[in-house]
Amino acid sequence: MAGRGMIGVLLAGLLAGAMPATAQEALFDAAGYRIAHYRAPVDRAPEGTSRIAPAAAARLRPDVDALFVDVTPAEGAVRGASGQWRLAQPHDSIPGAHWYPEAGRGVLAPGIGDWFGRGMARLTAKRRDRMIVIFCLADCWMSWNAAKRLRTWGYRNIWWLAEGSDGWRDLDLPLAPARPEP
């Protein structure tokens, strides 16, 4: 029996050594933000936030009933020193949503956190109780990270649209061209 246990330990060690580095990398940082493999099922809303279904979100009026905030990354885009984005491809979002590409990463690139924070303060008129519906795509941790970040910053009325713009489109609701917030 003891020999079998040792063989199991040795096999597990060999298999772990044979796994690619990406399979071994940490998925979360010490603060609890997802930092790798963002496109994966998400089973719960971040602590202190609530989940909203696409049909319920569709009954809200963007910028009237709630702020809709899209944190879908801008694949291939470049943000210049002036803060202006050069997009590699167009992005469609929920009509009326405010797009903050890259604000859902676990570790934010220089300037992104300040830009996102200032934008949210401006859009909410510094009201921490303003209703915010945050989203990305279905099975994407970026909106989860952004919701967690907003909660950490003291926002208290955060609704996470887990299905994101994919869930909106699945309801046969239109998407509209979006530009990153200034």
Side-chain angles (χ1 to χ4, degrees), residues 33-34 38-75 77 79 83-106 108-109 111-182:
Y33 291 98
R34 179 83 173 219
Y38 293 104
R39 290 306 303 268
V42 188
D43 61 353
R44 70 198 183 301
E47 186 175 329
T49 69
S50 299
R51 186 171 177 172
I52 189 167
R59 289 191 292 273
L60 299 172
R61 296 168 297 167
D63 283 344
V64 176
D65 299 321
L67 288 174
F68 279 67
V69 178
D70 183 349
V71 295
T72 305
E75 299 298 332
R79 184 170 187 254
Q84 293 292 96
W85 288 87
R86 247 187 1 256
L87 300 176
Q89 57 194 11
H91 174 66
D92 289 337
S93 188
I94 294 172
H98 301 274
W99 185 28
Y100 285 90
E102 307 302 321
R105 299 241 179 237
L108 298 177
I112 297 293
D114 290 339
W115 167 63
F116 184 44
R118 282 191 315 273
M120 294 308 300
R122 174 179 52 81
L123 291 171
T124 62
K126 298 184 180 179
R127 285 187 43 220
R128 302 293 175 148
D129 63 341
R130 179 78 162 97
M131 184 178 188
I132 301 168
V133 175
I134 195 132
F135 65 95
C136 182
L137 304 169
D139 293 330
C140 182
W141 282 85
M142 292 215 182
S143 57
W144 190 95
N145 280 344
K148 176 179 173 55
R149 184 166 287 120
L150 289 173
R151 184 68 180 122
T152 300
W153 289 347
Y155 290 93
R156 299 182 300 275
N157 196 4
I158 304 159
W159 293 83
W160 174 56
L161 179 58
E163 297 83 359
S165 56
D166 294 331
W168 188 270
R169 185 195 62 236
D170 290 347
L171 290 175
D172 290 325
L173 295 170
L175 295 173
R179 299 282 311 158
E181 284 291 309

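By the ring pair (Phe, Tyr, Trp, His ring centres under 6.0 Å) test, Y33 is found to be paired with no residue, residues two or more places apart in sequence or in another chain being considered. Evaluation of the ring pair (Phe, Tyr, Trp, His ring centres under 6.0 Å) rule for W159 yields no partner, not counting sequence neighbours. Among residues two or more places apart in sequence or in another chain, the side-chain hydrogen bond (donor to acceptor under 3.5 Å, both in side chains) test is passed with D129 by R127. For R79, there are no side-chain hydrogen bond (donor to acceptor under 3.5 Å, both in side chains) partners at least two apart in sequence or on another chain. Under the rule for a ring pair (Phe, Tyr, Trp, His ring centres under 6.0 Å), Y155 has no partner lying at least two apart in sequence or in another chain. Partners of W168 according to the ring pair (Phe, Tyr, Trp, His ring centres under 6.0 Å) rule, which considers only residues two or more places apart in sequence or in another chain, do not exist here.
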Let me check something: any side-chain donor-acceptor pairs from residues 55-63 under 3.5 Å, sequence neighbours excluded? List them with distances.
from, atom 1, to, atom 2, distance (Å)
R59, NH1, A55, O, 3.4
R61, NE, D65, OD2, 3.1
R61, NH2, D65, OD1, 2.8
D63, OD1, H98, NE2, 2.8
D63, OD2, H98, NE2, 3.2

Under 3.5 Å, side-chain donor or acceptor atoms of residues 131-138 against the rest of the protein: list the pairs with distances, not counting sequence neighbours.
none

Practice prompt. Using the side chain to side chain contact (heavy atoms under 4.5 Å, CB included) rule, take S165 and D70 through it: C-alpha gap first, then chi angles, then the decisive distance, then the call.
Written response: CA-CA 8 Å; S165 56; D70 183 349; 5.6 Å; no

Practice prompt. Given side chain to side chain contact (heavy atoms under 4.5 Å, CB included), test L150 with V69 step by step and report yes or no.
Written response: CA-CA 11 Å; L150 289 173; V69 178; 5.8 Å; no

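With hydrogens and angles disregarded, a donor-acceptor distance shorter than 3.5 Å links the side chain of R128 to the backbone of W153.
Between V71 and A103, the closest heavy-atom pair is CG1-CB, 4.1 Å. Across all their heavy atoms, E102 and L108 have their closest contact at O-CD2, 3.4 Å. Of all heavy-atom pairs between P46 and A147, the closest is CG-CB, 3.9 Å.
For W115 and W85, the ring centers are positioned less than 6.0 Å apart.
Considering CD1 of I158 and OG of S50, their distance stands at 9.0 Å, rounded to 0.5 Å. Taking CG of L123 as the reference point, atom CZ of F116 lies at 9.5 Å (rounded to 0.5 Å).
Screening residues 115-124 for salt bridge (charged side-chain N to carboxylate O under 4.0 Å, His left out), with sequence neighbours left out, gives R122-E181. For residues 133-151, the pairs satisfying side chain to side chain donor-acceptor pair (under 3.5 Å) are S143-W160, with sequence neighbours left out. For the salt bridge (charged side-chain N to carboxylate O under 4.0 Å, His left out) condition, the pairs that include at least one residue of residues 152-167, sequence neighbours left out, are R51-E163, D166-R169. The stretch residues 87-97 participates, sequence neighbours left out, in no salt bridge (charged side-chain N to carboxylate O under 4.0 Å, His left out) pair at all.
Under the 4.5 Å side-chain criterion, counting only non-hydrogen atoms from C-beta, P180 is in contact with L87. In this structure the side chain of I112 never reaches within 4.5 angstrom of the side chain of R105, judged on heavy atoms. By the 4.5 Å heavy-atom criterion applied to side chains, P54 and D170 are not counted as neighbours.
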